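Report on the structure given below.
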Amino acid sequence: MRRFFAYCGLLLAVFLFPASAGALPPDPEQAAEELARVIADKDIAVFQNLVDVPFLFAAPAILHYAETGKYASWVGYQDSLNADKLIEGIATGEFALEAADARTSGNPWYPPGLEKALVVKKSADSAIIAVDNEKGIRTWLIFYRTETGWRAGALANRIRLAESYASAGFLKAVQDYADAGTRIAAEEEKRERVYREKLEKAVSAAKVILDSVKITDLRFSVEKDDSSTQLVIKGAVLNGNSQVARLSQLCMRITDPQGKVVHSYTFNEHINIPPNGSAPLDIRTGLSSIESRERAEKLASGTYKATAAAICVYIDGNLVEEDGGSLKPSR
């Protein structure tokens with residue numbers, strides 16, 4: 001979500017305060033002719049000066065805001081990918097080729113069509129340009145007047161949609177949409193900050209609880225019969241909390257004589273430990289491989305050492321895990 005708000009803030013800044021790579025054309029007719037040239041030349045730098053690509057993909061959301069007053073959440077990262085695709089398509093000439101033979105409206109990036117483009121409607125701040133391809137399929141490109149000249153910022157596959165993009169209401173909504181995005185982003189950041197603070201407290205509280213459930217006095221032996229070999233782990237579980245603790249999961253790490261961790265086990269054990277009390281630990285696990293049997297023998301002989309820690313405990317019905325468990329706040 002933060003990525004979405006950052007993207008919208010960027011594209012609106014680009015449109016509201018355009019950074020020109022050069023002077024923009026003084027009227028939409030010349031802008032269309034210049035656009036035809038740069039598309040034919042695959043000149044990406046000038047293309048992005050003449051066309052506000054990010055705004056092009058945000059325009060539907062701004063129009064939605066203008067018509068409903070609702071800030072659209074469906075514009076963002078995916079549209080930034082579409083913008084990248086457009087730039088790549090202009091750079092390779094792919095979009096110009098597709099536009100020539102397109103059977104549906106929506107691709108105005110056809111140089112001959114832009115050269116012959118018709119100004120359908122024009123006001124002081126916007127202009128609708130009709131672009132036809134070789135098959136007579138028409139797409140409308142909307143240009144907007146900026147402080148430095150005219151720049152394309154929206155496209156439409158219907159004249160009524162084009163008129164909406166060129167309307168005074170749409171132009172007013174651009175700033176309103178930017179203000180709403182800034183406000184919503186600030187609210188989202190505040191909610192995220194509060195959530196992070198609560199989560200940090202929950203994780204700290206969980207650590208205190210888990211650290212209070214200690215697994216000590218570990219002892220190991222290997223039991224064999226005709227059909228299986230088992231590692232037997234015995235010890236004690238201490239509960240330093242004032243409520244009953246129910247151990248649900250523990251992690252045991254095995255180290256070699258140099259202190260290097262050679263293996264780790266996770267056991268699901270359900271042991272109730274009284275408040276400020278202890279309970280016996282008795283785990284039996286099968287050894288199916290030669291490697292695991294050798295490891296167990298070294299544990300039993302004392303060659304390998306092991307430590308264990310509680311990683312999942314229930315305290316007074318609450319699940320406590322290293323990430324906070326049920327102590328975590330809801331978003």
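Just so it is clear, the values below take in all heavy atoms, side chains as well, and ignore hydrogens, waters and symmetry mates. Predicted model only: the values in this text are computed from it and were never measured.
With sequence neighbours excluded, the residues forming a side-chain contact (heavy atoms from CB on, under 4.5 Å) with Thr307 are Arg253, listed by chain and number.
Proximity of a side-chain donor or acceptor of Asn239 to a complementary backbone N or O of Pro274 within less than 3.5 Å is detected. The main-chain N or O of Asp43 is never found under 3.5 Å from a side-chain atom of Asp41 such that the two would form a donor-acceptor pair. For the pair Thr266 (side chain) and Cys251 (backbone), a donor-acceptor distance under 3.5 Å is absent. The closest donor-acceptor contact from the side chain of Asp132 to the backbone of Gly113 lies at 3.5 Å or more, if one exists at all. Looking only at distances, a side-chain donor or acceptor of Arg145 sits under 3.5 Å from a matching main-chain atom of Ala124. A donor-acceptor pair is defined here as one N or O able to donate and one able to accept, closer than 3.5 Å; such a pair exists between the side chain of Arg151 and the backbone of Asn49. Judged by distance alone, the side chain of Lys42 and the main-chain N or O of Ile39 form no donor-acceptor pair under 3.5 Å. The backbone N or O of Gly235 sits nowhere less than 3.5 Å from a side-chain atom of Asp217 that would complete a donor-acceptor pair. Side-chain N or O atoms of Asn107 include one that pairs as donor or acceptor with a backbone N or O of Phe95 at under 3.5 Å. Distance alone, capped at 3.5 Å, places no donor-acceptor pair between the Ser278 side chain and the Leu238 backbone.
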Give the C-alpha distance, both sets of side-chain angles, the deciding distance and a yes or no for salt bridge (Lys or Arg N to Asp or Glu O under 4.0 Å) between Glu192 and Arg331.
CA-CA 8 Å; Glu192 187 66 23; Arg331 285 188 178 274; 2.9 Å; yes
Test side chain to side chain contact (heavy atoms under 4.5 Å, CB included) applied to Ser248 and Tyr314, step by step
CA-CA 7 Å; Ser248 178; Tyr314 284 89; 4.0 Å; yes
Hey, mind stepping through Leu118 and Ile129 against side chain to side chain contact (heavy atoms under 4.5 Å, CB included) and telling me if it holds?
CA-CA 6 Å; Leu118 301 175; Ile129 305 292; over 6 Å; no
Report the C-alpha distance between Glu34 and Arg37 in whole Å, list the side-chain angles of each, state the deciding distance to 0.1 Å, and finish with yes or no for salt bridge (Lys or Arg N to Asp or Glu O under 4.0 Å).
CA-CA 5 Å; Glu34 179 68 5; Arg37 183 189 66 77; 2.7 Å; yes
Stepwise salt bridge (Lys or Arg N to Asp or Glu O under 4.0 Å) test for Arg183 and Asp179
CA-CA 6 Å; Arg183 183 179 66 255; Asp179 293 342; over 6 Å; no
With salt bridge (Lys or Arg N to Asp or Glu O under 4.0 Å) as the test, would you mind laying out the steps for Arg196 and Glu189 before giving the verdict?
CA-CA 10 Å; Arg196 287 196 303 267; Glu189 181 59 35; 3.5 Å; yes
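Each of Ile233, Val237, Ile215, Ile283 was scored for a side chain to side chain contact (heavy atoms under 4.5 Å, CB included) with Glu269, with one residue passing: Ile283.
The CD atom of Glu223 lies 10.5 Å from the OG1 atom of Thr229; values are rounded to the nearest 0.5 Å. With rounding to the nearest 0.5 angstrom, the NZ atom of Lys298 is 6.5 Å from the CD atom of Glu294. Note that CG of Leu86 is 10.5 Å distant from CD of Glu94, once rounded to the nearest 0.5 Å.
Across all non-hydrogen atoms, the minimal contact from Ala310 to Leu210 is O-CD2, 3.8 Å. When all heavy atoms of Asp282 and Arg284 are compared, the closest pair comes out as OD1-NE, 3.8 Å.
A donor-acceptor pair shorter than 3.5 Å cannot be found between the side chains of Glu297 and Tyr304. Between the side chains of Ser164 and Ser167, no donor N or O sits under 3.5 Å from an acceptor N or O. Using modelled atom types and a 3.5 Å distance limit, the side chains of Asp125 and Ser123 yield no donor-acceptor pair. Residues Gln249 and Asn268 have side chains that bring a donor and an acceptor to within less than 3.5 angstrom of each other.
Judged by the 6.0 Å distance and 45° axis criteria, Lys122 is positioned over the aromatic ring of Trp150.
With ring centers used as reference points, Tyr165 lies 6.0 Å or more from Trp140. For an aromatic pair to be called close, the ring centres must be under 6.0 Å apart, and Phe55 with Phe57 fails this.
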